[in-house]
Amino acid sequence: MELRAGIFLHSTPLLDDTVFADVVLFLKEYNASGALGVIVNRPHGRSLHELVEFRHSRPLPLFYGGPVAEQHLYFLHRRPDLIGGGEPVVDGVYWGGDFPSAVRAYNNKTLDLSGIKVFVGYCGWDAGELEAEVEEGSWLLSGLPVEVVFEP
């Protein structure tokens with residue numbers, strides 16, 4: 001298996017004393033410039049409606065995506081029919097798009113919760129960094145099905 005968008009990485013005990021202890025990460029982007037992904041198995045502990053900007057929203061759990069840009073929200077979804085402008089990642093999974101329309105659809109109960117996951121922050125690596133971490137044994141590549149992204 002090789003590094004590419006759409007695969008999962010599992011942290012190993014080498015990362016136990018870091019923010020990446022016991023995480024499953026979904027790689028959203030991988031190219032010559034580096035890599036970008038989100039941690040999919042770490043609830044943030046807050047809900048969308050707890051944020052001032054979205055205080056009138058229905059509750060939607062947030063997930064800790066990673067230590068980069070923790071002041072911003074990012075999302076993966078399977079609903080390009082309701083959320084325009086998303087960037088295709090792999091197998092019907094999209095990154096981002098028109099977040100206000102996603103929130104409106106969600107608040108109107110037209111968006112299936114299993115088809116969207118919102119993250120606070122993300123993980124990023126410059127060219128060669130992730131490859132070095134995989135080579136040293138910090139990450140194991142996994143062929144989990146992409147549906148795992150949307151599990152609670």
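We're numbering straight along the sequence, starting at 1. The figures that follow rest on heavy atoms only: side chains count, while hydrogens, waters and symmetry mates do not.
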Minimum-distance pair of heavy atoms, taken over all atoms of [X] and [Y]:
X: Ala21; Y: Asp16; answer: CB-O, 3.3 Å
X: Arg4; Y: Leu27; answer: O-CD2, 3.5 Å
X: Gly6; Y: Val89; answer: N-CG1, 4.4 Å
X: Gly86; Y: Tyr94; answer: O-CD2, 3.9 Å
X: Ile116; Y: Ile83; answer: CD1-CD1, 4.2 Å

Donor-acceptor pair, side chain of Arg58 and main chain of Leu48, under 3.5 angstrom: no

Check: Ser47 side chain, Pro59 main-chain N or O, donor-acceptor pair, under 3.5 Å: no

Check against side-chain contact (heavy atoms from CB on, under 4.5 Å), Leu60 and Phe54: CA-CA 10 Å; Leu60 177 66; Phe54 302 104; over 6 Å; no

Quick one: are [X] and [Y] in side-chain contact, heavy atoms under 4.5 Å?
X: Glu29; Y: Asn31; value: yes
X: Val23; Y: Trp139; value: yes
X: Val19; Y: Arg42; value: yes
X: Tyr122; Y: Glu70; value: no
X: Val118; Y: Leu76; value: no
X: Ile39; Y: Val24; value: no
X: Pro67; Y: Cys123; value: yes
X: Leu62; Y: Leu51; value: yes

Side chains of [X] and [Y], donor plus acceptor under 3.5 Å:
X: Tyr30; Y: Glu2; answer: no
X: Ser142; Y: His10; answer: yes
X: Trp125; Y: Glu133; answer: yes

Val90 vs Val146, side-chain contact (heavy atoms from CB on, under 4.5 Å): CA-CA, chis, key distance, verdict: CA-CA 8 Å; Val90 67; Val146 71; 4.1 Å; yes

Chi angles and distances behind the side-chain contact (heavy atoms from CB on, under 4.5 Å) call for Val38, Lys28: CA-CA 7 Å; Val38 286; Lys28 172 263 190 225; 5.8 Å; no

Intermediate values then yes/no, ring-ring contact (aromatic ring centres under 6.0 Å, His included), Phe99 and Phe75: CA-CA 8 Å; Phe99 194 67; Phe75 65 106; 4.9 Å; yes

Between Tyr74 and Phe119, ring centroids under 6.0 Å: no

Chi angles and distances behind the ring-ring contact (aromatic ring centres under 6.0 Å, His included) call for Phe8, Phe26: CA-CA 5 Å; Phe8 291 88; Phe26 178 74; 5.3 Å; yes

Euclidean distance, Leu130 CG relative to Leu9 CG, rounded to 0.5 Å: 6.0 Å

Cation-pi check, Lys117 onto Phe63 ring (under 6.0 Å, within 45° of axis): yes

Is it the case that over 12 heavy atoms from other parts of the model lie below 6.0 angstrom from the [atom1] atom of [X]?
X: Asp22; atom1: CG; answer: no
X: Asp17; atom1: CG; answer: no
X: Glu136; atom1: CD; answer: yes

side-chain contact (heavy atoms from CB on, under 4.5 Å) between Leu36 and Val68, worked out: CA-CA 10 Å; Leu36 186 148; Val68 179; over 6 Å; no

Salt-bridge contact Arg55-Glu50 (side-chain N to carboxylate O under 4.0 Å): no

